[in-house]
Amino acid sequence: MSAPIEEKPMTLKSLSHKSDILSGGHRMCSGCGAPTVVRQVMLAIDEPVVIANATGCLEVSTCLFPYTAWRVPWMHSAFENAAATASGIETMYRSLRKQGKLKKNMKFIAFGGDGGTYDIGFQALSGAMERGHQLLYICYDNGAYMNTGIQRSSATPFGADTTTCPVGSKVPGKPQRRKDLTRIMAAHNVAYAAQASPHNWKDLMTKVKKGLATNGPAYMGIMAPCNRGWRTQTNDSIQLSRLAVDTCYWPLYEVQNGKWTINYDPKDKKKPLAEWLKPQGRFKHLFAPGCEGLLDQFQQMVDGDWESLKKLQEMSKS
Amino acid sequence: MAITTTKTVAVTGNQAVAEAFRQLNPDVMPAYPITPSTGIMESFTKFVSDGKVDTETILVESEHSAMSACIGAAAAGGRVATATSSQGMALMWEMLHIASGYRLPILMALVNRALSAPLNIHGDHSDGMGMRDCSWIQLFCENAQEAYDNTIMAYRIAEHKDVRLPIAVNMDGFIISHSIESMQYITDEDVKKFVGEYLAIDPLLDIENPKSIGALVLPDYYMEHKRAQHQAMLNVKKVVQDVSAEFAKMTGRKYELFETYRLEDAEVAIVALNSAAGTIKDEIDRYREKGVKAGLLKPRMFRPFPHEEVGGALKNAKAICVMDRADSYGSYGPLFMEIASALAPFRGPVLFNKIYGLGGRDLMPLDVDQVIDETAEVAKTGKVKMLKEYITVRS
């Protein structure tokens, strides 16, 4: 199905010669993981690219009239429809190419936060993936509606304190576990689905290349720490991304042609989930006396997901 | 331009609009089926399957995504069309404002149907009136011929450099969309010549000149954008007149901003949109034979509404009944409010409002007769019994 990936060595030195597509001067918070994610994504692309962006932090902070931080064609239309908007752009491209009105080869990427992807944009995303547009949808996942002030989303981790599931004497944070969107996308039998994290730029960028080279729709979920919502320091983003992976809360894996591959298995270096939770203010209450049960419960969820992911890898080996 | 060779056919309103879509050959058509507009998409996708158009369809999972894809495709730089009705338009509503705010000349066939609840699939104008504040150009059509003709003219109006706004062509669900009428098609060649090549303005796919579309605009600039949009709406009238004049030269079929029927010397005037106008015209003829000076004004262009011209055409009537096939609950019917605004500078006619035909209820000739009788009575006495009243309804 997919075209072979060009195996040019991707080194920091070679990347340093590429120009930045997202310019400095945008208004994302200092310490935010999202612009780092976007920069890595954009550095992985060699072809002309067109971007669709859901309403959210990334959108409002990078294109505030009369300024824009984008050096490539970029479009935002609403919150729940980045995938549908991108479908329209990509289809017009195919129509004009077919009619000989457009010559250039282009790639299409849609960016959405977890609110615009897991929740309100879920239907549009599912539709676009099912229809098979030549499109890479990337969710930068910070685990809540951070743009509007840290409200809970279906990507918010179990137990997290948010402004709409605030910790109180009766409710210890978010009662539900996170929706596993990457697996749901894989269940669409998309051409490529993957999870990545900005602490491992090489893995992230390789996945972007694979997603764009594949023949059909691709989905990537990328961890994007938010120091405001997670209540951490501005220099913690990369460290927290790494811990999310090392604790197996956010495993790095990919699904292509029905084959599940875990890209990083910490094996005996797998860290307890508490190491990822502890530095985050949103989980502070889980470490209070009497909350051990909740911590155990959360650890069991993560362990269960990790084991089932390993089984999926095992089962798809042939 | 010589009057073109035309072909007389017997088709439904939906088939006529689908044929217009085929001749317009849009680059992209995102759509989601909904009664009674579904027939347009069914006929059109057959054209696609048979290779009769260049169009790429996007058979989306909802009308919200249909309009979102229209917006993406139009911004990318090409012609886009879709069709919908009722709940479909309601689900699009958020995106309708964005389509016009981004100044994208998208074409929509809106086959008018009642809004739920209660659920109903038949024709009334509550969907069309529900989008009147969305900054879309709205044309209303009495029959299949008008729906076809207005669809052929739509891109020329919407894409004009002074306009660049989306456009909706309205026809009554079932009454027009599903009834077979005799009408005339224009030849493919003439349509192609009339519509011309698409002129892309700042297309997103112009990769050498990257643009950002859809910025966040705060109080420092938001209002300037909206004022520019208002100006574009103001420019529509002349463009509609010019395009219609050119269309008349090609086909012999003349379209104004509104149609008047025996209105010039009328003392008793009726105002109504779409298919009801046919029944009303018949009854006006009968009353004229009886010596009642009755006449009709049928708006074609509802947005922008040509208040000045409509006011001028109605000012000499003694009494006017505005018939609305939709209601603005707690106020008057939407068409009544426009006519009242249009007549504000004049002291002449006495106005009143009837709500009829909701959810596809028939308007029979006898119903129209009662309205004309009452309007004639008001013209005589100058006294209105009830300013707003539902008719064709159980009490």
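Naming convention: chains lettered A, B, ... in sequence-line order (proteins, then strands); numbering from 1 in each chain.
Heavy-atom pairs under 4.5 Å with chain A were tallied for B:Ile98, B:Leu216, B:Thr57; the largest tally goes to B:Leu216. For the set A:Ala69, A:Ala84, A:Ala82, the entry with the most heavy-atom pairs within less than 4.5 Å of chain B is A:Ala84. Taking B:Gly101, B:Pro203, B:Ala99, B:Gly77 one by one and counting their heavy-atom pairs under 4.5 Å with chain A, the maximum is reached by B:Gly77. Ranking A:Pro48, A:Ala128, A:Ala78, A:Ser77 against chain B, the residue ahead of the rest is A:Ser77, based on heavy-atom pairs under 4.5 Å. Taking chain B as the reference chain and counting heavy-atom pairs below 4.5 Å, the highest number among A:Arg94, A:Glu80, A:Arg71 is found for A:Glu80.
To the nearest 0.5 Å, atom CD of residue A:Glu130 and atom CD of residue B:Glu61 are 9.0 Å apart. With rounding to the nearest 0.5 Å, the separation of CE in A:Met92 from CG in B:Leu204 is 11.0 Å. Note that CG of B:Leu59 and OG of A:Ser87 are 11.5 Å apart. Values are rounded to the nearest 0.5 Å. To the nearest 0.5 Å, atom CD1 of residue A:Ile51 and atom CD1 of residue B:Ile213 are 13.0 Å apart. The CD atom of B:Glu56 sits 12.5 Å away from atom OH of A:Tyr93, with the distance rounded to the nearest 0.5 Å. The distance from atom NZ of A:Lys101 to atom OH of B:Tyr198, rounded to the nearest 0.5 Å, is 10.5 Å.
Heavy-atom distances place the side chain of A:Glu59, and not its backbone, under 4.5 Å from chain B. For A:Leu64, the parts lying near chain B are the backbone and the side chain together; criterion is any non-hydrogen pair under 4.5 Å. Looking at B:Tyr222, neither its backbone nor its side chain comes within 4.5 Å of chain A, counting heavy atoms on both sides. Only the backbone of A:Val72 comes within contact range of chain B, with heavy atoms under 4.5 Å apart. For chain A, the nearby part of B:Met95 is the side chain; its heavy atoms alone come within less than 4.5 Å. At a 4.5 Å heavy-atom cutoff, the contact between B:Leu205 and chain A is made by backbone and side-chain atoms alike.
Proximity of B:Lys211 to A:Trp70: side-chain heavy atoms (C-beta onward) are nowhere separated by under 4.5 Å. For the pair B:His64 and A:Gln123, the minimum side-chain heavy-atom distance is 4.5 Å or more.
A:Ser95 and B:Val28 make their closest contact through CB-CG2, 4.1 Å (heavy atoms, listed as atom of the first residue, atom of the second, distance). Scanning all heavy atoms of the two residues, the minimum distance from A:His76 to B:Tyr102 falls at O-OH, 2.6 Å. When all heavy atoms of A:Met75 and B:Ile71 are compared, the pair lying nearest together is CE-CG2, 3.5 Å.
Paired with A:Asn81 under the rule side chain to side chain donor-acceptor pair (under 3.5 Å), one option of B:Ser68, B:Ser62, B:Ser65 passes, and it is B:Ser68.
A donor-acceptor pair is defined here as one N or O able to donate and one able to accept, closer than 3.5 Å; no such pair exists between the side chain of A:Lys104 and the backbone of B:Ile207.
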